[in-house]
Amino acid sequence: MTLILGFDDYLLPAQQLAKSLSVAFKQVKLHQFPDGETKVTLPTTLPKHIIICRTLNNPNAKMTELIITAAAARNQGVKHITLVAPYLCYMRQDIAFNPGEAVSQKIIGNLLAAYFDSVITIDPHLHRINNLNEAIPITQACALHATGAMSKFLQQHFSQPVLIGPDEESEQWVKAIAQPHQWPYVIATKARFGDKNVAVSLNIKDKNKAVSLSNRDVIIVDDIASTGKTLEQAVKQIQQQAPMSISIIVTHAFFVDNALTRLKDMGVTNIWSSDSVLHSTNAFSIIDTLARQLKKINITD
Ligand code: R5P
């Protein structure tokens, strides 16, 4: 028997996950003490396997609560704890870019490995490593992609769009969505000069042939929209080709500092994201993708 434990900041998706797996759901109760500490209360009876489902945007307080929850569950006799974190925090800082910088990916990865038997996430921010278990050293660390859910969603809205990846890294996702439908795609190149300063350059060619964006429905695909600057720069480039429409689809939506308004003001028709992070742009779900993977998890007592 398995139980899903969720938190009030990611309640509905966690409940949907329980429903899709036909397992019970219970909520972890949190109480804030006046000094900012959290009291964490778990259900008093837990099965041998539990799945803790919480997305880890704004992670600092959530991480503490998560570790307390996992340790308390273990104290109650739980044998196998799976973490489902649709957005996984602290994955981008995988090397020290400057002397003194902590390599937080390794530190947080080791912390999660100490408390969880399996970890599942969607499109984590991995740059220089290929497998999630290089960051979280456990066998069952699994990074899934939102591309299947994106593809299904986009198919309902367009028949022959052109996909754009705003940087080299996005090619993997763009290709996975475009190729089954034989949709043309273009991968731009990006240079980043700071958190909010990027330059995107669009070479309007897919591997062998020129791709015209003129009068086409163009969709920019990316894993994450943080400041939205990458998308803004891509939109500027695309607009020079007079497309019919520009849409944006991302896995993780942050769109900080009015990025959403700026993109809409630039004339972007649709801005869509998955429910990995709760946001007003959520339009499709990655819960079924997670559920399919959870069914494959190998649980040993
Ligand atoms: C880059 O590696 C990612 O795939 C995104 O393109 C990037 O993180 C988006 O960041 P921002 O919205 O701040 O430009």
Side-chain angles (χ1 to χ4, degrees), residues 52-60 62-63 66 82-98 101-151 163 165-178 185 187-192 194-195 198 200 220-231 234 249-256 273-277 286 289-290 292-294 296-297:
I52 300 180
C53 178
R54 193 178 204 187
T55 202
L56 293 174
N57 55 321
N58 300 321
N60 294 351
K62 286 185 186 176
M63 277 299 290
L66 194 65
T82 300
L83 170 64
V84 173
Y87 179 76
L88 185 60
C89 57
Y90 283 109
M91 290 294 114
R92 62 162 65 74
Q93 184 80 13
D94 56 0
I95 54 169
F97 298 92
N98 297 294
E101 282 180 5
V103 182
S104 21
Q105 186 193 77
K106 273 256 166 304
I107 298 164
I108 298 296
N110 284 334
L111 182 67
L112 292 175
Y115 285 88
F116 294 95
D117 302 287
S118 16
V119 175
I120 299 180
T121 187
I122 302 268
D123 293 333
H125 219 81
L126 304 178
H127 283 285
R128 278 155 285 266
I129 62 170
N130 295 319
N131 295 311
L132 188 61
N133 56 14
E134 293 170 54
I136 305 173
I138 50 177
T139 336
Q140 300 190 74
C142 177
L144 303 170
H145 299 297
T147 46
M150 283 179 174
S151 170
L163 303 195
D167 52 27
E168 290 89 341
E169 197 197 4
S170 62
E171 179 161 8
Q172 51 184 314
W173 308 302
V174 173
K175 209 166 151 182
I177 299 170
Y185 67 90
I187 305 300
T189 50
K190 179 167 88 179
R192 187 176 279 283
D195 278 353
V198 298
V200 171
I220 311 172
V221 180
D222 210 353
D223 58 340
I224 178 167
S226 303
T227 64
K229 292 291 176 189
T230 300
L231 295 168
I249 190 163
V250 297
T251 308
H252 312 297
F254 290 92
F255 295 103
V256 301
S273 66
S274 87
D275 53 1
S276 67
V277 173
I286 41 70
T289 307
L290 293 165
R292 275 195 296 277
Q293 182 62 28
L294 281 163
K296 296 183 199 157
I297 281 199

Taking all non-hydrogen atoms of both residues, which atom of [X] and which atom of [Y] are closest, and how far apart?
X: P166; Y: A188; value: O-CB, 3.6 Å
X: V256; Y: T227; value: CG2-CA, 3.7 Å
X: A96; Y: E101; value: CB-O, 3.4 Å
X: E168; Y: K190; value: OE1-N, 4.0 Å
X: H145; Y: I122; value: C-CG2, 4.2 Å
X: V174; Y: G165; value: CG2-CA, 3.6 Å

Any chance you could lay out the side-chain contact (heavy atoms from CB on, under 4.5 Å) test for Y115 and L66, step after step, and finish with the verdict?
CA-CA 9 Å; Y115 285 88; L66 194 65; over 6 Å; no
Applying the side chain to side chain contact (heavy atoms under 4.5 Å, CB included) criterion to M91, which one of D123, L132, T121 satisfies it?
L132
Test item: [X] side-chain N/O and [Y] main-chain N/O as donor-acceptor pair under 3.5 Å:
X: K229; Y: D195; answer: no
X: S276; Y: T251; answer: yes
X: E169; Y: E171; answer: no
X: K106; Y: I136; answer: no

The test is side-chain contact (heavy atoms from CB on, under 4.5 Å); show your working for T230 and R192 and say whether it passes.
CA-CA 9 Å; T230 300; R192 187 176 279 283; 3.4 Å; yes
Enter the distance from [X]:[atom1] to [Y]:[atom2] here, rounded to the nearest 0.5 Å.
X: L112; Y: I138; atom1: CG; atom2: CD1; value: 8.0 Å
X: K175; Y: I187; atom1: NZ; atom2: CD1; value: 9.0 Å
X: N131; Y: C142; atom1: CG; atom2: SG; value: 10.0 Å
X: L144; Y: I286; atom1: CG; atom2: CD1; value: 9.0 Å
X: S274; Y: M150; atom1: OG; atom2: CE; value: 6.5 Å
X: D275; Y: T55; atom1: CG; atom2: OG1; value: 9.0 Å

Test side-chain contact (heavy atoms from CB on, under 4.5 Å) on W173 and D222; report intermediate values, then the result.
CA-CA 8 Å; W173 308 302; D222 210 353; 3.9 Å; yes
Looking at side-chain heavy atoms only, is the closest gap between [X] and [Y] below 4.5 Å?
X: F255; Y: L231; value: yes
X: Q140; Y: D117; value: no
X: N57; Y: H252; value: no
X: E134; Y: L126; value: no

Worked verdict on N60 versus Y90 for side-chain contact (heavy atoms from CB on, under 4.5 Å):
CA-CA 10 Å; N60 294 351; Y90 283 109; 2.5 Å; yes
